[in-house]
Each structure stands twice: as C-alpha cells, then as structure tokens.
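Fair warning: this is a prediction, and the values are worked out from it, not measured in the lab.
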Amino acid sequence: MRPSGLSAVGSLPWGTHFCQFYGDRNDLADSLVPYFKAGIDANEKCLWVTSAPLRAEDAKAALRQAVPDLDARIQRQQVEILDHDAWYTKTGRADAEATLRGWADREQQALSEGFAGLRLTGNTYWVERSDWQGFVDYESRVSATFAGRHIIGLCSYCLSRCQAQDVLDVVANHQFALTRREGAWHMLESASMATAKSELARLNEVLEQRVLERTLELQRAVQARDEFLSVASHELRTPITSIQLYVQGIARAQDAGSLSPEQAALRLRRVNDQCGRLDKLVNNLLDVSRSDGKEPTLRRESLDLAELVSRTADRFADELARARCRVSFDAPEPVLGSWDAMRIEQAVSNLLQNVIRYAPASNVAIEVMQDGPDARLAVRDDGPGVAPADHARVFERFAQAESPHFKGGFGLGLWIVKQVAEAHGGSVTLASEPGAGAAFVMRLPRG
C-alpha cells in the first residue's frame, strides 16, 4: 500500500488507476501537489504530464512550495514535469499502444534506478471532441496495463468540458473517481464497490483478530515450552545427581573399607529407586514425543485386568508405604478383556503416583470390577481433593494442580492416563471436592 497524499483516498495499492473531475487550476494544484509530495517522500519516480489550465511551469511552482528541494530532485530525475505536447514530442508516441508501452518502460526505468515505482498523472484538457472515443478506448486499456506493475496513475478531467455521457465513460474506465464539492474532495464509487470494500474491511478485521489469537496461542505455547524445559531439566537432573552421589559414596566407603554388606545393599536399593524414577520420567517424555496429537499404538492381548492392577499395586507397595498411604484392593472376580497390558500398567502406575504425590498419608481404595460391557477401575483417596475448576485441567498435558505436598513433575501423568483410556475406546473421570478426597474412575470396553 502506498500513501496517496489525498485524505479522501488514503493508501493505494500498486496498479491503481483512478481519476478526478476538477473545476479550475486551483483544484488541480490542491489535489496533485499532495499526490506527488506523497510519492516523492515514498521514493517513487514521479511523472506529471500537464495541460491547460495548469501548465508545466505553474505546476513546478506549486509543487516547489511543498517540496523545497524540487529542483535537485528534477536534476536527479526523480521528478519530471512537462506539458503534454512536450511529452509527445519527447517520446514520439501519440498512439494508444505506444503510450501504454511508454508507461511500462518508465516503470522499469524507475525500478532500475532504485525507486519504489512510478507515480504519474495526465491532464486530459487537451483532448478534442473528435478524439474523444479513441481516448476512451485508450483509457479502457490502462487499468489492465497497470495491473501487477509498480504504477499508480491519476487522470484529470475538466468537468466543464465533459458531457454527461463523457462522465459515464470516464467513471467506467477507472477504479474510482474524485470530485470536489463544497471545497472538499469526495470519492465516487459504485454501490457494489462500496459493498465490496466494506466486506473486505470486515474480513480484514476478522483476519486480524485470528492473527492476534493465533499469536497469543503461540506465545502461550512458547511460554509453556520454556517452563516445561526448565522443569524437565530439573526433574531429570535430580535422580541423576542422586545416583552419582550414591555411587561416589559407595566407592569412597569401599576404598576406606567401612562399607558393610547391609549398607551396600541399602545404597544400591536407593540407586535402583532413582534409576526407576529416571526411567519413568524418560518414558513419559517419550510418550509425549511419540504422540504428537495421535493416540498411542496398542498391542492388545487377552488378560485379567484385576490381576494386572493387583500386580502393579504390589510393585508400588513400598512407595505407598513410605508415603504413609493405607491401601485396600477390591476385585471380587476376574475381569477379562482385550487390552494393551503395558499401556494399562502405565495408566495404573500414574494413578498411584498421583496418590503418592498429592494425597500422602491417606486411605487409598483400588477397585476393579465388571460394569456391563465395560471394565471399571477406580482409585480413591481421602486426601485434600481437587478444586472443581481444576477437574478438566488436570488431564491436560503439562498441567498440575496446586499441592502443599508435591512440587515438580512434568504434569504428564494424568494426561497419559487419559490418552491410554481413550486409545482403548474408554474414558477417565474425576470426582472430587476440596478436603473430601478424589476418585479417578477409568472405564475400558472389554471387547
């Protein structure tokens, strides 16, 4: 978009071909001086082909008042002002085809000289009645010539020399027209053009809003990524540091001969615990990396969900005990179905880890049973509970609820549970109130 210099017009795209109806030389100076001043300031090559009632010398004098260094710009060939008869004498072009080629050549010259494009105007006062139809035919081809080029053209028509039919011809061959009424310039455009511009403005507003929303989303995503990388770095570094300290302690104690078999076994168990923690963190990260918005790949097999959950809970017995959780397990009968054993174990592990982190020292009830065509797995605790506003959020990736008992983690555990449940065609829900514990219920089709 290029500044037109005309308040009634605003900015214009390259390729614009418009016209004005003027009354006298004052009208011409009032419109063309700011029009060319804007082009000069925007580093455009400017060509002003004049005619009565405002000839070349008068045009230079008027423009010089707005552009004090006009003569230097004329010397540098940024500005050229000449009468129409001198223009044709200089170019040797009087037919329509040659004139159109002339405009295109001037644009290429302007670009090669380092200007942004070509801004031009021509006053049609000199056109005789006998030449009118030929000139109208020429004007009808100008817009197509300018299209796609770095050219803006303004044609000036003396209103007193135009008949009613002439006005219609002129308006039809230009993108829009200007006319002066009560001392101000006004734009003349068809109702369809006005409607199109209004719709374009509306669509631009919608697009700008979407761009703004998308920009905010990207900013939030970048912020979440940075926060996640910070947390991930801390979470991965913690078990690695612990492993290093344990190994170094074992090595020093062995060198000093002060390490008993019981002490060695205890420290090795701690190393193993930290390795297990590191393995879980890495597996969670791999799940996020592999998912990329897709459901996990399942390897279904026939199994007893009750037995699988029981075995997984046994594996967490020591961790639950250290968290002072009292665990009960209820599975009145086998619950047979076709599921991915590794994925189900992963979901159960994350549910139990969630209890250890957010509901320590609580009573934990694990239930597995058939419920119609589904299997139903519930993990309940009587810990601090979850605020209703966080019920949906806790299942989002990287989301974590506030807790006085646990800080850290990736915020991936419950998201993984939800991914596993939905990949099997099931669901997971949370029922909880602050201070009244939490119940996570996962339903899985048995088929």
Side-chain angles (χ1 to χ4, degrees), residues 1-4 7 9-16 38 41-44 116-117 147-150 152 175-176 187 189 192-236 281-298 343 346-347 350 354 386-403 407-430 440:
M1 300 296 290
R2 314 298 296 177
S4 70
S7 59
V9 176
S11 296
L12 294 169
W14 288 122
T16 298
D41 292 343
N43 189 40
E44 297 171 9
R149 295 185 177 275
H150 287 211
I152 293 176
Q175 294 171 3
F176 61 89
M187 184 183 297
E189 55 187 358
S192 59
M193 177 64 76
T195 301
K197 289 174 63 177
S198 176
E199 179 64 11
L200 180 60
R202 186 190 68 80
L203 292 175
N204 278 337
E205 290 179 0
V206 172
L207 180 59
E208 289 175 359
Q209 182 62 32
R210 290 179 179 175
V211 170
L212 177 61
E213 292 172 355
R214 183 57 176 160
T215 299
L216 292 175
E217 289 176 2
L218 290 174
Q219 289 174 344
R220 287 193 291 266
V222 169
Q223 181 180 0
R225 180 206 63 188
D226 292 344
E227 292 174 353
F228 168 71
L229 290 176
S230 176
V231 171
S233 174
H234 171 76
E235 288 295 309
L236 292 172
L281 292 172
V282 171
N283 283 336
N284 284 351
L285 286 175
L286 288 174
D287 275 332
V288 175
S289 175
R290 285 191 294 257
S291 70
D292 193 24
K294 302 176 183 177
E295 290 185 345
T297 301
L298 301 182
R343 294 293 182 182
Q346 186 181 32
N350 278 295
N354 189 71
V386 181
D390 289 331
H391 282 198
R393 194 178 68 84
V394 295
F395 292 106
E396 295 176 1
R397 184 162 45 175
F398 309 134
Q400 292 178 299
E402 293 293 330
S403 172
K407 299 293 182 183
F410 293 151
L412 295 174
L414 295 178
W415 174 78
I416 290 174
V417 174
K418 183 172 183 287
Q419 292 288 303
V420 170
E422 292 180 349
H424 284 85
S427 64
V428 61
T429 57
L430 166 62
F440 290 90

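- Nearest heavy atom pair, residue Ser11 against residue Met1, reads O-CE, 3.5 Å.
- Nearest approach of Ser4 to Leu12, heavy atoms of both residues: CB-CD1, 3.7 Å.
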Report the C-alpha distance between Leu414 and Asn350 in whole Å, list the side-chain angles of each, state the deciding distance to 0.1 Å, and finish with yes or no for side chain to side chain contact (heavy atoms under 4.5 Å, CB included).
CA-CA 7 Å; Leu414 295 178; Asn350 278 295; 5.9 Å; no

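- Not counting sequence neighbours, the partners of Glu213 by the side-chain hydrogen bond (donor to acceptor under 3.5 Å, both in side chains) test are Gln209.
- Taking the salt bridge (charged side-chain N to carboxylate O under 4.0 Å, His left out) definition, one finds that Arg214 meets it with Glu217, sequence neighbours left out.
- Ring geometry for Trp14 versus His150: interplanar angle under 30°, hence parallel rather than tilted (30 to 60°).
- In this structure, the side-chain contact (heavy atoms from CB on, under 4.5 Å) partners of Thr215, at least two apart in sequence or on a different chain, are Val211, Gln219.
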Tell me, with the steps shown, if Ile416 and Phe395 meet side chain to side chain contact (heavy atoms under 4.5 Å, CB included).
CA-CA 8 Å; Ile416 290 174; Phe395 292 106; over 6 Å; no

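- Between Phe440 and Asn354, some side-chain heavy-atom pair lies under the 4.5 Å cut-off.
- Across all their heavy atoms, Ala423 and Leu298 have their closest contact at O-CD1, 3.3 Å.
- Between Thr16 and Phe176, the closest side-chain pair of non-hydrogen atoms falls below 4.5 Å.
- In terms of heavy atoms, Ala38 sits closest to Pro3 at CB-O, 3.6 Å.
- Counting all heavy atoms, side chain and backbone alike, Gly15 lies closest to Gln175 at O-NE2, 3.4 Å.
- Applying the side-chain hydrogen bond (donor to acceptor under 3.5 Å, both in side chains) test to Asn43 and every residue at least two apart in sequence or in another chain returns nothing.
- Legend: residues meeting side-chain contact (heavy atoms from CB on, under 4.5 Å) with Ala147, ordered by chain and number and at least two apart, are absent.
- Of all the heavy atoms in His424 and Val420, the pair that sits closest is ND1-O, 2.9 Å.
- The closest side-chain heavy-atom distance from Lys418 to Glu396 is not below 4.5 Å.
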